Amino acid sequence: MTTRYRIALIPGDGIGAEVLPPACAVLDAVGKRHGLTFAYDMLDWSCERYLSEGAMMPADGLERIRHHDAILLGAVGWPGVPDHVSLWGLLIPIRRQFRQYVNLRPIKVLQGVPSPVAKATSDVDLVVVRENVEGEYSEIGGRLNRGFPDEMAVQEAVFTRPGVERILDYAFTTAQQRNGDLVSATKSNGIVHTMPFWDELVREAGERFPHVAWRQEHIDALVAKIVLDPARFDVIVGSNLFGDILSDLAAAVAGSIGIAPAANLNPEREYPSMFEPVHGSAPDIAGQGIANPLGAIWCAAMMLDHLGHPEAGAEVFDAFSSVLATTDVRTPDLGGTAGTKDFTRLVLEGIAHGRPSE
Ligand code: NAI
Ligand code: MG
């Protein structure tokens, strides 16, 4: 029996268009072994579209992809278009309208990928759970007296009980399924309303999950500890801003931003979830065929997990980890000379020769 999925593809800008075809090729290859087929709808939503038509996506854009099974996104952003336009014109509306309140970023130090952090060995295997729709990234606030000496700006952080509880439940559940260890990022010594509230809700969540050992760390001390000893972490949960910073930091610890994946999840599955590599459009290397496709391929593996095919996701993970562990084929960001296609070809070969599916 074949299961068919409809995937919305948003390559976006720059290397986004170079890393999505490898991810789709991998999905097709692993799908063949597991009775899954993928129909892709390609959407040209991007800064290029913004420059020619004045909007990152059509007015009814979200309606058009509302019923797809998942969204794969490359990267958006291009010189000449302010980053807040690409972010608020595309990514943030998708995350918010589709209630993708979990941003999940697994971080592993892979064999064959040296980390800039000396102590980061293959014991590093952690996941950052970032709150993705409220918190510090709010539109509430404003600017007054522009151009006068008393010019000012105010921006409100918004923390709601249901918003914090659901991300904590997701993080504690994830910890329970892993090693039962969770760290909450806070700053309640300096931020005196929202962060103590966050801490209280963490304590309550801790009572709902008696098998998870949790502690809280102030964000400043926490980032230092991640750099000094990343292997001691399992699940880290943070607000929108803290989670954003933590996940890029942790991705850098793993060796290259080009390999890090992210999932924007609507855990209730009322709306499609979106999978996107952590990296941006990399204008400095775009068009050269040397972008590392691994972040996007890892996203495809996360998408398979989310769609209920963890064994297919694991095959993808095994295929790219074994290319790194057993060959010296690397794109330039990892110190090699291979192109996007060379690396992808080896991953596809690994999948074709992989374990027969059960
Ligand atoms: P970037 O991630 O695009 O690039 C940072 C550095 O990492 C560059 O030197 C780039 O060549 C390298 N790099 C990134 N991904 C790579 C890959 N797959 N393979 C090899 N090397 C890779 O971040 P940057 O330069 O700050 O931003 C460029 C544009 O991308 C901006 O417009 C920014 O707003 C946008 N951006 C979009 C994101 C998204 O779509 N979620 C996330 C981050 C940035
Ligand atoms: Mg970020």
Side-chain angles (χ1 to χ4, degrees), residues 2-13 16-17 19-21 23-24 26-28 31 36-50 52-77 81 84-105 129-135 137-139 158 160 162-163 166-167 169-170 240 261-278 281 296 299-310 312-313:
T2 304
T3 310
R4 192 179 152 85
Y5 291 106
R6 243 180 110 194
I7 309 298
L9 277 191
I10 309 177
D13 300 292
V19 298
L20 280 202
C24 296
V26 161
L27 283 171
D28 294 339
L36 315 171
T37 60
F38 300 92
Y40 305 104
D41 285 322
M42 179 81 89
L43 304 156
D44 69 347
W45 306 350
S46 58
C47 289
E48 204 180 318
R49 186 183 190 284
Y50 174 83
S52 63
E53 302 185 33
M56 295 290 296
M57 63 172 155
D60 65 345
L62 295 180
E63 203 37 52
R64 286 193 205 179
I65 58 174
R66 161 82 182 80
H67 297 289
H68 281 65
D69 295 297
I71 305 163
L72 257 184
L73 182 130
V76 291
V81 178
H84 68 86
V85 168
S86 44
L87 197 62
W88 285 88
L90 183 63
L91 287 178
I92 291 190
I94 293 177
R95 289 175 182 166
R96 296 201 171 175
Q97 292 303 313
F98 292 162
R99 302 182 78 85
Q100 296 165 349
Y101 61 84
V102 176
N103 188 287
L104 192 65
R105 299 195 180 179
V129 178
R130 165 188 174 190
E131 200 293 317
N132 210 27
V133 296
E134 57 173 48
Y137 294 3
S138 100
E139 293 154 278
V158 176
T160 65
R166 66 189 177 186
I167 193 68
D169 280 344
Y170 191 91
N240 210 332
N264 299 278
L265 301 177
N266 171 244
E268 291 75 22
R269 296 161 199 271
E270 300 157 320
Y271 296 93
S273 292
M274 175 166 68
F275 300 82
E276 52 165 337
V278 168
S281 58
C299 284
M302 292 183 83
M303 191 181 98
L304 289 164
D305 288 348
H306 177 74
L307 293 174
H309 306 287

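Values reported hereafter were calculated over all heavy atoms of this structure, with side chains retained and with hydrogens, waters and symmetry mates removed. Keep in mind it's a predicted model, so treat the numbers as computed, not measured.
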Straight-line distance of Tyr40 OH to Cys24 SG, nearest 0.5 Å: 4.5 Å
With a 4.0 Å cut-off on N to O distance, would you call Arg96 and Glu139 a salt bridge? yes
How long is the gap from CZ on Arg95 to OH on Tyr137, to the nearest 0.5 Å? 9.0 Å
If you take all heavy atoms of Pro267 and Val102, which pair is closest and at what distance? CG-CG2, 3.7 Å
Report the C-alpha separation of Asp41 and Leu9 in whole Å, then their side-chain angles, then the decisive distance to 0.1 Å, and conclude whether the side chain to side chain contact (heavy atoms under 4.5 Å, CB included) test is met. CA-CA 6 Å; Asp41 285 322; Leu9 277 191; over 6 Å; no
Would Ile10 and Ile71 count as a side chain to side chain contact (heavy atoms under 4.5 Å, CB included) if you check the C-alpha gap in whole Å, the side-chain angles of each, and the deciding distance to 0.1 Å? CA-CA 7 Å; Ile10 309 177; Ile71 305 163; 3.8 Å; yes
Between Met303 and Leu27, is there a side-chain heavy-atom distance shorter than 4.5 Å? yes
Does the ring of Tyr101 carry Arg166 above it, NZ/CZ under 6.0 angstrom from centre and within 45° of its axis? yes
Which heavy atom in Ala296 sits nearest to a heavy atom in Ala23, and how many Å separate them? O-CB, 3.6 Å
Testing the basics here: between Val76 and Trp45, what is the closest heavy-atom pair and its distance to 0.1 Å? CG1-O, 4.4 Å
Approximate separation, where rounding is to 0.5 Å, of Asn266 CG and Asn132 CG: 11.0 Å
Minimal heavy-atom distance between Gly89 and Met56, with the atoms involved, is O-CB, 3.6 Å
Quick one, His309 with Tyr5, criterion side chain to side chain donor-acceptor pair (under 3.5 Å). Give me CA distance, side-chain angles, the key distance, then yes/no. CA-CA 12 Å; His309 306 287; Tyr5 291 106; 2.7 Å; yes
Do Tyr271 and Gln97 touch side chain to side chain, with heavy atoms closer than 4.5 Å? no
Of all the heavy-atom pairs spanning Ser281 and Ala75, show the shortest one and how long it is. N-CB, 3.6 Å
Are Asp69 and Arg6 close enough, and set up right, to give a salt bridge (charged side-chain N to carboxylate O under 4.0 Å, His left out), and what steps lead you there? CA-CA 5 Å; Asp69 295 297; Arg6 243 180 110 194; over 6 Å; no
Look at atom CZ of Arg4 and say whether more than 12 heavy atoms of other residues, nucleotides or ligands are closer to it than 6.0 Å. no
Quick one: does Met302's side chain get under 4.5 Å of Leu104's, heavy atoms only? yes
Any chance you could lay out the side chain to side chain contact (heavy atoms under 4.5 Å, CB included) test for Arg64 and Met57, step after step, and finish with the verdict? CA-CA 11 Å; Arg64 286 193 205 179; Met57 63 172 155; over 6 Å; no
Can you check whether Ser86 reaches Tyr50 side chain to side chain, under 4.5 Å on heavy atoms? no
Taking the side chain as everything from C-beta on, heavy atoms only, tell me whether Ile94 gets closer than 4.5 Å to Asn264. no
Within this structure, what is the CG-CG distance for the pair Leu90 and Leu62, rounded to the nearest 0.5 Å? 8.5 Å
Does a side-chain heavy-atom distance below 4.5 Å link Glu134 with Thr160? yes
Within a strict 4.5 Å, meaning less than it, do heavy atoms of the Leu91 and Leu73 side chains meet? yes
Would you please test Arg99 and Glu268 for side chain to side chain contact (heavy atoms under 4.5 Å, CB included) and show each step? CA-CA 9 Å; Arg99 302 182 78 85; Glu268 291 75 22; over 6 Å; no
Atom CD in Gln100, atom CE in Met274: separation rounded to 0.5 Å? 5.0 Å
If you look at every heavy atom in Arg66 and Pro272, which pair is closest and at what distance? O-CD, 3.2 Å
Heavy-atom check, side chain of Glu276 versus side chain of Leu72, under 4.5 Å: no
With rounding to the nearest 0.5 angstrom, report the CZ to NE2 distance, Phe98 to His68. 10.0 Å
